Amino acid sequence: MMGNIINLGSNINGSSDMIIDIPPHSDFSIHNIPFGIFSTADTKPRVGVAIGDHILDLVAVAELGVFEFDTKVFEKPALNRFIGLGKTVSSKVRTDIQSWLKDDQSPLAKKHNLFVSQSDAKMHLPVQIGDYTDFFSSIEHATNVGMMFRDPANALLPNWRHLPVGYHGRASSIVVSGTPVIRPKGQVMPNGASSPVFQASKRLDFELETGFIIGKNSIMGSSISTEEAEDYIFGKVLFNDWSARDIQKWEYVPLGPFLGKSFASSISPWVVTLEALEPFRVAGPIQEPEVMPYLNYSGTKNYDINLEVSLTPDKGKEQLLCQSNFKYMYWNMCQQLAHHTVNGCNVNIGDVMGSGTISGKDEQSYGSMLELSWSGTKPISILDGTTRTFIEDGDTVTMRGHAEKDGKRVGFGEVSAKILPAL
Ligand code: MN
């Protein structure tokens with residue numbers, strides 16, 4: 001099915017006089033132009049751009065001879081090589097596409113074969129991920145978890161306000177939206193028991209996060225300042241850091257998360273560039289006490305991105321579980337990257353950095369079942385008459401995110417995954 005190459009009236013995304021039909025309130029407006037990897041029945045995985053309900057095939061666009069660089073990068077099954085050309089190139093590709101889509105005399109006009117319906121495409125992991133790091137940067141989430149796992153009176157550990165706490169996650173088990181996730185098994189210590197038991201996790205949880213994707217290699221032994229950090233960030237995705245709370249609680253002392261996290265993480269297929277998010281910058285929370293000089297920053301480094309999580313039971317109806325916002329983050333991405341590299345650790349193109357669970361102040365904004373059900377003590381009512389404290393087999397968890405301001409909407413689409421029974 002090809003796109004309707006028609007002109008539309010004005011709508012929220014300002015998509016009047018566009019060469020392709022963009023539905024009002026689409027996440028993939030002319031202001032967005034996110035990059036991803038797709039394939040169809042006829043084509044191997046390749047680079048594309050989401051626009052409305054369609055994908056602009058950049059291999060096909062390159063065949064028009066409109067780009068002045070080696071367009072073989074678009075034939076790769078990951079964005080790494082394209083990202084590696086640098087922001088000068090990737091930014092120009094984005095702004096060129098924006099102007100072409102608005103110009104009925106452009107090289108793209110009347111070329112129906114350049115567009116693929118998203119419903120006819122299969123999405124793949126957008127980047128080849130070498131390393132994955134996850135942070136713990138929402139003060140509300142860290143406080144809630146500290147209260148439940150440790151001491152309600154001293155929920156935040158002494159280091160928390162001085163550095164963005166993180167751990168090295170597992171890149172091998174990051175999967176793209178739509179890939180089912182199998183319930184993990186492992187050691188847990190039941191309440192009141194004197195020795196651990198081996199079982200399928202009974203406390204399977206999601207974590208509402210975003211991830212940023214490294215867009216430039218750094219050199220081992222050097223560090224990235226908060227000032228330079230944005231130059232090293234290509235863009236963002238939605239990120240579900242699946243967590244088995246019972247496995248996590250028993251194993252995490254003293255070295256942090258391990259098997260309770262490494263079984264799977266799900267990411268959204270479209271990488272929204274930092275350039276697309278530029279209009280949505282906002283100031284972050286005041287940091288007290290004052291941070292060390294290497295973590296100091298100037299300017300507005302947080303982003304106003306609405307986030308939500310919904311649950312769909314097997315054969316049931318989808319329902320909203322929580323709504324949060326990326327702007328709540330205590331530690332911003334530039335501080336995370338500066339901290340990550342301050343010891344000389346290098347980062348590489350395609351590395352994924354998880355924000356950490358993004359919770360807000362009120363209970364409807366908590367970004368995990370652990371917090372929403374307060375460690376299982378407050379069951380959540382489900383439309384089919386059942387309740388949930390954690391995620392059950394057959395449940396599908398879907399996260400969505402978008403920014404919107406002055407009639408411009410820039411969204412991420414979704415990251416969704418169904419939980420299958422333990423093997
Ligand atoms: Mn996490």
Side-chain angles (χ1 to χ4, degrees), residues 129 131-150 155-157 159-160 163-175 177 181 183-184 186 201 203-214 236-253 255-268 305 307-309 321-322 324-326 328-333 335-337 339-340 351-360 365-373 375 390-391 397-399 401 412 415-417 419:
I129 305 165
D131 278 303
Y132 151 51
T133 302
D134 195 34
F135 288 92
F136 188 52
S137 290
S138 152
I139 198 164
E140 290 83 6
H141 172 71
T143 303
N144 288 338
V145 173
M147 288 171 76
M148 286 181 273
F149 271 38
R150 288 182 300 270
L156 280 188
L157 287 167
N159 61 4
W160 201 90
L163 55 86
V165 170
Y167 68 94
H168 291 295
R170 188 74 196 163
S172 65
S173 55
I174 298 180
V175 291
S177 178
V181 169
R183 180 177 298 273
S201 172
R203 298 191 140 212
L204 181 57
D205 201 355
F206 61 83
E207 288 194 334
L208 171 58
E209 303 194 17
T210 66
F212 68 85
I213 289 175
I214 294 296
K236 291 182 65 62
V237 290
L238 299 172
F239 195 87
N240 181 353
D241 177 25
W242 293 102
S243 301
R245 301 301 181 189
D246 38 7
I247 296 171
Q248 181 186 356
K249 189 170 184 180
W250 170 236
E251 74 175 356
Y252 87 108
V253 182
L255 289 186
F258 190 31
L259 306 188
K261 299 278 191 175
S262 62
F263 59 96
S265 307
S266 301
I267 68 170
S268 56
I305 302 170
L307 301 166
E308 63 176 49
V309 183
L321 288 178
C322 64
S324 188
N325 194 301
F326 186 57
Y328 300 146
M329 299 295 292
Y330 186 87
W331 296 102
N332 61 54
M333 294 185 286
Q335 292 179 310
Q336 290 173 334
L337 194 48
H339 184 65
H340 200 307
D351 288 358
V352 172
M353 307 283 168
S355 58
T357 309
I358 303 160
S359 296
S365 65
Y366 292 170
S368 65
M369 290 299 283
L370 179 71
E371 294 162 275
L372 290 165
S373 76
S375 197
F390 290 92
I391 302 302
V397 174
T398 303
M399 298 177 177
F412 290 80
V415 56
S416 188
I419 294 298

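Positions are given from 1, in the same order as the sequence printed here. Keep in mind that this is a model prediction, so the values were computed, not measured. Note that ligands are numbered from 1 as they come in the structure, with each ligand's atoms numbered from 1 the same way.
Here Tyr252 and Tyr167 keep their ring centres 6.0 angstrom or further from each other.
By the 30° and 60° cut-offs, the orientation of the rings of Trp160 relative to Tyr330 is tilted.
Side-chain atoms of Arg183 come within 3.5 Å of backbone atoms of Ile391 as a donor-acceptor pair (strictly under, hydrogens ignored). Checking side-chain atoms of Ser173 against main-chain N and O of Ser262 turns up a donor-acceptor pair under 3.5 Å.
Pairs engaging residues 136-148 under the salt bridge (Lys or Arg N to Asp or Glu O under 4.0 Å) rule: Glu140-Lys361 [sequence neighbours left out].
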Problem set entry | Derivation of the side-chain hydrogen bond (donor to acceptor under 3.5 Å, both in side chains) call for Ser359 and Glu371 | CA-CA 9 Å; Ser359 296; Glu371 294 162 275; 2.8 Å; yes
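Protein atoms of type N, O or S found under 2.8 Å from the Mn ion (ligand 1) total 4.
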